[in-house]
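Report on one structure; see the data block that follows.
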There are 2 protein chains.
Amino acid sequence: MKASFAITPQYVKAACSQCNLRELCLPFGLAEHEVDRLDELVGARRKVKRQAQLYRAGDPFEAIYAIRTGSFKTDVLLEDGREQVTGFQMTGEILGLDGISAENHSCNATALEDSEVCVIPFARLEELSREVESLQHQFHKVMSREIVRDHGVMMLLGSMRAEERLAAFLLNMSQRFMARGFSAAEFHLRMTRDEIGSYLGLKLETVSRAFSKFQDEGFVSVQQKHIRILDIDGLKQLLGRCARN
Amino acid sequence: MKASFAITPQYVKAACSQCNLRELCLPFGLAEHEVDRLDELVGARRKVKRQAQLYRAGDPFEAIYAIRTGSFKTDVLLEDGREQVTGFQMTGEILGLDGISAENHSCNATALEDSEVCVIPFARLEELSREVESLQHQFHKVMSREIVRDHGVMMLLGSMRAEERLAAFLLNMSQRFMARGFSAAEFHLRMTRDEIGSYLGLKLETVSRAFSKFQDEGFVSVQQKHIRILDIDGLKQLLGRCARN
DNA sequence: TCAGCTCTTTGATCCACGTCAACCCCTTTG
DNA sequence: CAAAGGGGTTGACGTGGATCAAAGAGCTGA
């Protein structure tokens, strides 16, 4: 279905304007005729298979990417091979902003499931955003949001204990699924315990134990990657107390 | 001296074009006549006394700030009062980018010493960067650099042990002092052990002990806030080994 | 359908860093 | 110059989460 869409000209033409992710993505706040102009430069689309990389650290930077379907993780690697996951990205979110500063990417972006992204050539985006004020502003907001998000992760890594981190993670995922029209209470995590652990600055065993504890206490029901949140307020309260630093 | 400069019209006119920080700041990469246009909108300057706040979380966002003299820390606060320092900023660096996304600031910016910033009204910056391509691009680079920096901090907080974190911090400070024409080997830290600890996700005692250890091992000489780096390669090697996650 | 994966869970043990507490050194102020 | 207070250092001790180990549970592919 997706494939047949992808090759029909109407679909290409109507990319952003018909996309149900526009509220979350670059077209947010644009007038209809402005979205049409954005469509023109977002022609190309790219499929990325599960475990394949959209880009790697060091790759030359040419475009940013909007996730149309699927999800990704981004990570940076130390010389000794250890990995730090810097984020998980869902549909409508923008990948590749790290590449602007040095003109090549500084992290790796890996698909967590078979995914598809809209390729947005950066030079053309800058060009268009010089003409379209609302696009310029929305793009700045997207970048700024990434900075704010990163500060939240620092808070998490620097000041919270293991169970708080996982609670914050689950609440964040829940809220993002909800924003995309999915259930806030029940969802599939596409990443492994190891990847969650890397993101949260914990070992996978600690993540697993925290999940078990939450389940024992009746906050969530966990079956492998399938999560059901049973007591969202309980999780929120868990967050409130117990800072470490 | 600074005060007398600040009120002379030439000085206001020549702000960016004569500023020795242009290489590090927004004017980087602009042609001379473009810098002149930037000067026009960077008229206002603001002094911030040590310990005073340039802005607070929740303040309406109207401008970003370039640090002319002095230094700052930014932090976010949890409801329970615990603080996470998200960064230390030096001359030429830009403060306030977090405010763009929600139209109000999401963190606090506090001067670590008596400081002065250039106020850059954001609406006018967006306006000008629609006209001046090189300014637009440099601004995007500045935002992107902040994102890359944040990823580095995540790496630090999520994957490094205490001594590695402090070593990374010292090397980073050293490099930034050097970029500003100061000694890379000898400098004054403007922040307390507690603030360093908050930034690095450690308690102040742990920071203090790590300083002592580095001193015992001959890597640095530490006298309160005065640091002399004696063996920069030793510090770098310390970074290479010993990841935790 | 089975073999060989990878991912997850759980238990036992260890240790890096947090916590608590005492003391020291500067700096500031009257 | 004395007193007060804010940093900073150091020691003793406790603990949250890492580490090591083993077994179970789901996929994947022949």
Side-chain angles (χ1 to χ4, degrees), chain A residues 49-51 73 80 82-85 110 112-114 156-169 188-217 220-227 238 241-245, chain B residues 49-51 73 82-85 110 112-114 156-167 169 188-217 220-227 238 241-245:
Chain A
K49 284 246 165 267
R50 183 176 130 84
Q51 301 286 40
K73 70 169 179 184
D80 65 8
R82 293 299 71 207
E83 135 182 276
Q84 173 71 33
V85 171
T110 308
L112 295 174
E113 59 194 302
D114 291 356
L156 192 137
L157 291 170
S159 304
M160 292 181 179
R161 45 191 48 246
E163 287 172 27
E164 283 186 286
R165 295 184 202 187
L166 188 65
F169 170 74
H188 265 284
L189 298 176
R190 314 311 300 220
M191 66 294 286
T192 66
R193 300 288 189 263
D194 197 29
E195 288 164 334
I196 297 171
S198 173
Y199 179 62
L200 298 178
L202 302 169
K203 305 295 327 188
L204 67 91
E205 295 94 328
T206 306
V207 174
S208 179
R209 277 185 244 272
F211 268 127
S212 301
K213 181 122 182 276
F214 285 176
Q215 180 155 252
D216 292 348
E217 289 170 345
V220 298
S221 136
V222 184
Q223 256 157 326
Q224 308 285 119
K225 295 186 152 71
H226 188 85
I227 307 291
L238 226 159
R241 49 179 158 82
C242 76
R244 201 190 45 175
N245 286 349
Chain B
K49 283 248 166 267
R50 185 175 127 83
Q51 301 286 40
K73 70 169 179 183
R82 294 297 71 204
E83 135 183 280
Q84 173 70 33
V85 171
T110 308
L112 294 174
E113 59 193 303
D114 292 356
L156 193 136
L157 291 170
S159 304
M160 290 180 180
R161 46 189 51 246
E163 284 171 29
E164 282 185 287
R165 296 185 201 187
L166 188 65
F169 170 74
H188 264 284
L189 298 176
R190 315 311 302 219
M191 65 294 285
T192 66
R193 299 287 189 263
D194 197 28
E195 288 164 334
I196 297 171
S198 172
Y199 179 62
L200 299 178
L202 302 169
K203 306 292 331 185
L204 67 92
E205 293 94 329
T206 305
V207 173
S208 180
R209 276 185 246 272
F211 268 127
S212 301
K213 182 123 182 275
F214 286 175
Q215 180 156 251
D216 292 349
E217 289 170 346
V220 298
S221 136
V222 184
Q223 258 157 328
Q224 308 285 119
K225 294 185 151 71
H226 189 85
I227 307 291
L238 226 156
R241 49 179 157 83
C242 78
R244 201 190 43 175
N245 284 347

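Here is the naming used below: chain letters follow the sequence lines, and residue numbers restart at 1 for every chain.
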### Message
How bent is the helix from dT1(C)-dA30(D) to dG30(C)-dC1(D), measuring the angle between the end axes built from five pairs each, rounded to 10°?
### Response
50°
### Query
Applying the side chain to side chain contact (heavy atoms under 4.5 Å, CB included) test to L202(B), which of V207(B), L157(B), I196(B) qualifies?
V207(B)
Rounded to the nearest Å, what distance is computed from the [atom1] atom of residue [X] to the [atom2] atom of nucleotide [N]?
X	N	atom1	atom2	result
R82(A)	dA18(D)	CZ	P	13 Å
H188(A)	dG26(D)	NE2	C1'	13 Å
L202(B)	dT9(D)	CG	P	14 Å
K213(B)	dG11(D)	NZ	P	14 Å
R165(A)	dG16(D)	CZ	C1'	11 Å
E164(B)	dA16(C)	CD	C1'	13 Å
L112(B)	dG7(D)	CG	P	12 Å
K203(B)	dG7(D)	NZ	P	15 Å

Identify the heavy atoms of [X] and [Y] that sit nearest to each other, and give their distance.
X	Y	value
F211(A)	R193(A)	CD1-NE, 3.5 Å
E163(B)	L238(B)	CB-CD2, 4.1 Å
Q224(A)	I227(A)	O-CD1, 4.5 Å
E83(B)	S198(B)	O-OG, 3.1 Å
M160(A)	R165(A)	O-NE, 2.8 Å
K73(B)	L112(B)	N-CG, 3.9 Å

### Query
For K49(A), does its backbone N or O pair with a side-chain atom of D114(A) as donor and acceptor, under 3.5 Å?
no
So which protein nitrogen or oxygen atoms get under 3.5 Å of nucleotides 4-10 of chain C's nitrogens or oxygens?
unit_1  : atom_1 : unit_2  : atom_2 : d
dT8(C)  : OP1    : K225(A) : NZ     : 3.2
dT8(C)  : OP2    : R193(A) : N      : 2.6
dT9(C)  : OP1    : R193(A) : NH2    : 3.2
dT9(C)  : OP2    : R193(A) : NE     : 2.8
dT9(C)  : OP2    : S208(A) : OG     : 2.8
dT9(C)  : O5'    : S208(A) : OG     : 3.2
dT10(C) : OP2    : S212(A) : OG     : 2.5

### Message
With rounding to the nearest 0.5 angstrom, report the CZ to CG distance, R209(B) to L204(B).
### Response
9.5 Å
